[in-house]
Amino acid sequence: MEGESIYEADSGDGLGADIISTVEFNHTGELLATGDKGGRVVIFQREPESKNEPYNQGEYNVYSTFQSHEPEFDYLKSLEIEEKINKIKWLPQQNAAHSLLSTNDKTIKLWKITERDKRPEGYNLKDEEGKLKDLSTVTSLQVPVLKPMDLMVEVTPRRIFANGHTYHVNSISVNSDCETYMSADDLRINLWHLAITDRSFNIVDIKPANMEDLTEVITASEFHPHHCNLFVYSSSKGSLRLCDMRASALCDKHSKLYEEPEDPSNRSFFSEIISSVSDVKFSHSGRYMLTRDYLTVKVWDLNMETKPVETYQVHDYLRSKLCSLYENDCIFDKFECAWNGSDSVIMTGAYNNFFRMFDRNTKRDVTLEASRESSKPRAILKPRRVCVGGKRRKDDISVDSLDFTKKILHTAWHPTENIIAIAATNNLYIFQDKVNSEMH
Amino acid sequence: MGEEEGLHQTQLLDTMFVRGLKRKCFDGEEDIEGTLAGIKAIPSYNLQRQSLLDMSLVKLQLCHMLVEPNLCRSVLIANTVRQIQEEMTQDGTWQMINTQSTGQASLDRLVSTDILCRSSREQAEGKHVPGYSTFDKDFEGDQAQDNSETMSTASSVQTPRNLQSNVWEMENAQENKGNFQKSLDQIFETLENKSPNSVEDLFSEVDNSYYDLDTMLTGMMSNTKMGHCDGLETFASPTSTASNSNCKSDLNELDHIVEILVES
């Protein structure tokens, strides 16, 4: 992988509002959206390839920036509602405009992004600034013509889906029918129609009658990429539930439950915490699911509920450090995971600005670092290694010198090409694979 | 948060070992520097478990009251606490640990447990939780905004102090478990639903009004099991459905609450 570009969001206020909280490519990969802790969305657009400058082809540049959510105050509970963007999902493009859904803890918004590159000139009644002309000066009639202008990107909020959630929204997912989408919070999942904002259907509710009995929450959910009736949601106990909306209106009863029995030899007080699934993603084929828990990524076959078909260790050297990680709260970090376009490689983030990629076919894996030092433009990324005692090679990092404040929680993979977007705190890195490498 | 907890852990382990023991979490290999006598001492499993329990309880309490705490994190910590407590009850070490830490009872700790405890009524009934052993945290410092709450619970602090010794002497481990369970659930509901101090600000004239709020609303006067969550849930549901609600309606409902309390 080559390091290609670095974008740093830094408004300079030092308040941490620029920490990137979500990254998402659109369905063609032409656009890349990021959301941050300050409620802003920045959209990048890929430059079309040109023959004149072959090395500049495919670079992502800022296309539009807008404020999606503002901080709010819940007067009833006397609590702030953060403006941090938890998730962005693109809608499939149906006309010249692009649309995306963005959500904070409580409110989902539908944004329409349009371009304007022409404007009419030559009105009869108005002059160039729009002021009414003195009619006595008008001696002939002209037909206004469209003249090119500097590209203007307009973003407008088209729908606001509010008041649907008592708890914090952690996922949104657009259905393959392109008409509905779902939003999931800690205890409930709602189904919305994209055109209707004052009503939503509750399709999953795991809130116990007595909150004192609560032991499990919903951590992520997603619609199946092809079957509009199927969706999956993951829990804090490490289980996945596949639900079929044809079975009943309320899908509390799962159609399939995917759960791996606990390994008794690895049992500790932290077993449950590290088994909590932080992200679930269907493969592009729709045949598999990818889950991320604290130490591993797992590939599940939809047809097999008893255990995952593949398990990859992300950073097993942390297993002996779980108590410290519990103390500093790092054990609760929610890492995301991603498939490549052909479902042959999976990727996830780790600490020290490391991210990991696993090739499912060759079973080879690599650790790379997203940092300014190692990523000058078009620099080739060097594989990194974490040593766990024993022989230490040059350039290895020891477990104790890992920086746990530098965590890569959000990653995204281009839908068809080997381009990845990595969010490291308030920096966005984009890496491209220009040469045919062994990772294919 | 890590810093303060680190200090606390050191204090805890220092009471058990000679000073100079470098605190490290009990993860795998211990790299403990020698004590005065040069004896290497690895914290016992019980001690490790206890310090994990303390850490967890502190974590549950230190939820940032400005923004609603992360429910997933709270559930996971609460489950961990339950797990430890169950194991300790099975071991029979639960009672032992309680008697050990009696001497270290401090006002700070009582204040902290009051924050967690839901009702002065329950304290009077002796169902006060015994289980939060030493953490000498400076709660006044941490929760400066809870001054009003500290004052309003000052009256009820005296009672638990007496009850504390009674509770320590309770022989029934099962009852302790029940108390602990109840208080754990209370922690859970507290942090899941509300920040007490905010309501305190509104109703600082009324003693323990926060705890009584839901009994007013739901008319449950005799129920010792505080359905606080349920009370507010019933209250909150009209505003949290899909129908459009705005801040104005929330303020109206707040006025309604004030009316009820003033009338009583």
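In what follows, chains are A, B, ... by sequence order, proteins preceding strands, each numbered from 1. Keep in mind the model is a prediction, meaning the values are calculated, not measured.
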Highest number of heavy-atom pairs under 4.5 Å with chain B among A:Ile331, A:Thr215, A:Asp105, A:Ile218 belongs to A:Thr215
Please identify, among A:Asp185, A:Asn170, A:Asn202, A:Val217, the residue contributing the most non-hydrogen atom pairs under 4.5 Å to chain B. A:Val217
[X] portion near chain B, given a 4.5 angstrom heavy-atom threshold:
| X | value |
| --- | --- |
| A:Glu72 | neither |
| A:Thr219 | side chain |
| A:Ser268 | backbone |
| A:Ser276 | side chain |

Give, for atom [atom1] of [X] and atom [atom2] of [Y], the distance between the pair rounded to the nearest 0.5 Å.
| X | Y | atom1 | atom2 | value |
| --- | --- | --- | --- | --- |
| B:Arg73 | A:Asp186 | CZ | CG | 13.5 Å |
| A:Ile273 | B:Ile77 | CD1 | CD1 | 7.0 Å |
| B:Leu76 | A:Lys237 | CG | NZ | 10.0 Å |
| A:Arg267 | B:Gln83 | CZ | CD | 4.5 Å |
| A:Phe269 | B:Arg49 | CZ | CZ | 5.5 Å |
| A:Lys334 | B:Cys72 | NZ | SG | 3.5 Å |

Checking side chain to side chain contact (heavy atoms under 4.5 Å, CB included) for the pair B:Gln48/A:Cys323: CA distance, chi angles, key distance, verdict? CA-CA 10 Å; B:Gln48 294 171 7; A:Cys323 183; over 6 Å; no
Between A:Tyr326 and B:Thr80, do the side chains contain an N or O donor and an N or O acceptor separated by less than 3.5 Å? no
State, to 0.1 Å, how close A:Glu327 and B:Lys59 come at their nearest heavy-atom pair, and which atoms those are. O-NZ, 2.9 Å
Would you indicate whether A:Phe404, at its atom CZ, is surrounded by more than 12 heavy atoms from other residues, nucleotides or ligands within a distance under 6.0 Å? yes
